[in-house]
2 protein chains.
Amino acid sequence: MPDLTLEDVAKQAGVSRSTVSRVLNDQPNVRKDVRNRVQAVIETTGFRPHPAARALASQHSWTIGLVYPHSVSYFFTDPYYPHLTKGIAQACNQSSYTLALFLVDTKEGEEKIFTSITRKGLLDGVLVQSGHHGDQEVIGKLIDAKIPQVVIGRPFRQDNVSYVDIDNINGAFNAVTHLIRMGHKRIGTITGPGQSTAGLDRKTGYLKALSERGLKMDTALILEGDFTENGGYYAMKKMLPAKPDAVFAASDIMAIGAMRAAREAGLNIPTDIAFVGFDDLPLATFSGVQLTTVRQPVAQFGAKAVEILLDLIENGINPPRHIIMETELVIRESCGAGIRK
Amino acid sequence: MPDLTLEDVAKQAGVSRSTVSRVLNDQPNVRKDVRNRVQAVIETTGFRPHPAARALASQHSWTIGLVYPHSVSYFFTDPYYPHLTKGIAQACNQSSYTLALFLVDTKEGEEKIFTSITRKGLLDGVLVQSGHHGDQEVIGKLIDAKIPQVVIGRPFRQDNVSYVDIDNINGAFNAVTHLIRMGHKRIGTITGPGQSTAGLDRKTGYLKALSERGLKMDTALILEGDFTENGGYYAMKKMLPAKPDAVFAASDIMAIGAMRAAREAGLNIPTDIAFVGFDDLPLATFSGVQLTTVRQPVAQFGAKAVEILLDLIENGINPPRHIIMETELVIRESCGAGIRK
DNA sequence: GAAATGCTTGGGAGCGCTCCCAAAAAAAGT
DNA sequence: ACTTTTTTTGGGAGCGCTCCCAAGCATTTC
């Protein structure tokens, strides 16, 4: 089947190019029987318009970009990203948009790719994973280029851009409050890196829960991690001398690392020390003890980002929209629920 | 900066459209000083050709597709896929190709997306993750459509297509042989699903090692998993009554599940029972015991696939090329190396 | 010094669509 | 019946590039 053109279809249906184009784009002012006839030809021939031709004429590529800046090279070690990616990909498929993936791992690569992203014509809009301090530049450039964009995660001190984020503060707050209600007194936290808004917000939630319940904060119980398993492990090792009886880790994977350290120190989970993570990814259940954690609606989150972006593309980027999605505390074994102390 | 066209650049450089095009595409027959002059204008203006216009005129989109068929919906639970994706994305960036991601999770979604993939003009070529029985159809359609494609993983009984794969048989063979050398006698295996070539090949390697070393196979020690943690866990539970003293799991994540089951049964790893996995992903080191495993060169693997695909795009798809990459056994604690029995 | 050869350059045509405008057809109004 | 209004249809122009061909120019050859 040689790829046919709109003109071929027109000939077969006995109409003009324009009419076929109208049918193709669901435009009004086509007689019903003509529309049906054209549609029939399209279907039997399996005709599809040439994407490049369409893009050229309409200045609209039907493609959106998903950018993971180089600061997100832990794409791997944290299973959060593939989940997110999947949600986004699915939403794109559903809307018949093509998803272009830009996974950059160096500052230089970012520069290089940037010129092609900002070139109008390739992408109708861009999704940028952010939440990291270093991503401001990328976002700023996209704003300057006036490319419709939605930031995934709250950007640093930039409000003139649309973003979707989850309620990290509240999620952390609820998790820690739960730990307090369970009777824990010395609750530590392993935070995300200081350049990460998600990490910062979760720490804020932790502190808020402490103060609201009248527990005083102890800096020996606040360690910075890097969202990796090893980061959690080493942070925990440092925290152990301060004798925490519970730990809130800002991600599941750090919780897993932290539990490894606790176990090595001969502590039993959850009787000697309780843990709560953040994410609720499948791996939350892999370790010996089922992890209590804060569930993020990752897939819906990605879908929401796509939804907003498409809206921006169609209706203009102003005013910027900010969406905050709620989390849910999932109680399993590691926090010691169901166990008397 | 309004996006300028090739014609604008031409005017500024005092030459014609054609000359600029020649410079842009590194074509010969342009006087050196003219070329420099044009190049200077391109650089100062930051001009980039409009992708769609270029694609339309050249019938070449500079975009390749990465297809994960619906049978690969465990994209998530297995960290192998993000690693692979990253390798591929990086290779694309390097070659200035755009990567379009097609992550399908239903049979219907596959159909839908397919018409757009096979439409000439969108993609110059396609990378298809395979190794699963159900993917034959996808691959077959792509062959029919004569779209350049490289299959990632060995396809089922289809040799008229290019693919890259790793040497699963040998990898498994080496792992099991190592276990035998360590003195283990009752070596079980948790295989991949029967519709997966990787799973099948690893099983073949296991059997080969057994027979070559004169161990008789015991069907009670051969359980089928599904490449998930839970699959590994339940397979191990079933295997335990048969008293294995070592287990070769066809993926790291299944090994982790299996070790969880073993621990729950009160067994010590590696003194009571040894484990070897397959993949060597970061999570191999997360569990209590560091996992001995077969390392796949995942990133290079992806890069290789891209390399072959670009070659196919430029030089035609015949004859199909088959690349098999070697693995490496990474010895850590879980196999009991360094421990006398 | 004229003819032949090789490089370099410009411009027309065309890739396959969408968009606009004007013509044709149908519907409505008098 | 004829005019006016509305709906439907066709075709030209153009999106921004590449490719081809012919013209222009420099260089070589006899």
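Note that these values count all heavy atoms, side chains included, but never hydrogens, waters or copies made by symmetry. Chain identifiers are assigned alphabetically (A, B, ...) following the order of the sequence lines, protein sequences preceding nucleic acid strands; residue numbering begins at 1 within each chain.
For the pair B:Thr63/A:Thr63, no side-chain contact is recorded, criterion being any heavy-atom separation below 4.5 Å from C-beta on.
Between the side chain of A:Arg17 and the base of C:dT18, a donor-acceptor pair under 3.5 Å is found.
Of the side-chain N and O atoms in A:Asn29, none sit less than 4.0 angstrom from OP1 or OP2 of D:dT9. Contact annotation: B:Gln59 does not reach the phosphate of C:dG14 (side-chain N/O to OP1 or OP2, under 4.0 Å). Look at B:Thr19 and you won't find any side-chain N or O under 4.0 angstrom from OP1 or OP2 of C:dT8. Distances shown here put a side-chain N or O of A:Arg31 below 4.0 Å from the OP1 or OP2 atom of D:dT9. For D:dG10, the OP1/OP2 oxygens have a side-chain nitrogen or oxygen of A:Ser16 closer than 4.0 Å. Look at A:Ser18 and you won't find any side-chain N or O under 4.0 angstrom from OP1 or OP2 of D:dG11.
Residue A:Asp33 is the one, among A:Asp33 and B:Arg48, whose nearest nucleotide of DNA chain D lies closer to the 5' end (criterion: closest heavy atom). Along DNA chain C, the nucleotide nearest B:Ser58 and the nucleotide nearest B:Arg37 are compared for position; the residue whose nucleotide lies closer to the 5' end is B:Arg37.
Within the nucleic acid shown, A:Arg119 comes within 4.0 Å of sugar-phosphate atoms alone, with no base atom in reach, counting heavy atoms only.
Distance, A:Leu24 CG to D:dT9 P: 16 Å, rounded to whole Å. Remark: P of C:dG16 and CG of A:Asn25 are 17 Å apart, rounded to the nearest angstrom. At whole-Å resolution of the value, NE2 in B:His50 and P in C:dC15 are 18 Å apart. Spacing between atom NE2 of B:His60 and atom P of C:dG16 amounts to 16 Å, rounded to whole angstrom units. Summarising the geometry, the separation between CD on B:Gln27 and P on C:dG10 is reported as 15 Å, rounded to the nearest angstrom. Rounded to a whole Å, the CD1 atom of A:Ile42 is 11 Å from the P atom of C:dC17. Atom-to-atom, CG of B:Leu122 to C1' of C:dG16 comes out at 14 Å; the value is rounded to the nearest Å. Distance, B:Arg54 CZ to D:dC15 C1': 16 Å, rounded to whole Å.
Counting non-hydrogen atoms of other residues, nucleotides and ligands closer than 6.0 Å to CD of A:Gln59 gives a total above 12. Atom CD of B:Glu314 has more than 12 heavy atoms from other residues, nucleotides or ligands within 6.0 Å.
Atom-to-atom distance recorded for A:Ile117:CD1 and A:Gln149:CD is 10.5 Å, nearest 0.5 angstrom.
Side chain of A:Arg22, nearest nucleotide from C:dC21, D:dG16, C:dT18: C:dC21. The side chain of B:Leu56 sits closest to C:dC15 out of D:dT9, D:dT18, C:dC15.
B:Ala10 and B:Val20 make their closest contact through CA-CG2, 3.6 Å (heavy atoms, listed as atom of the first residue, atom of the second, distance).
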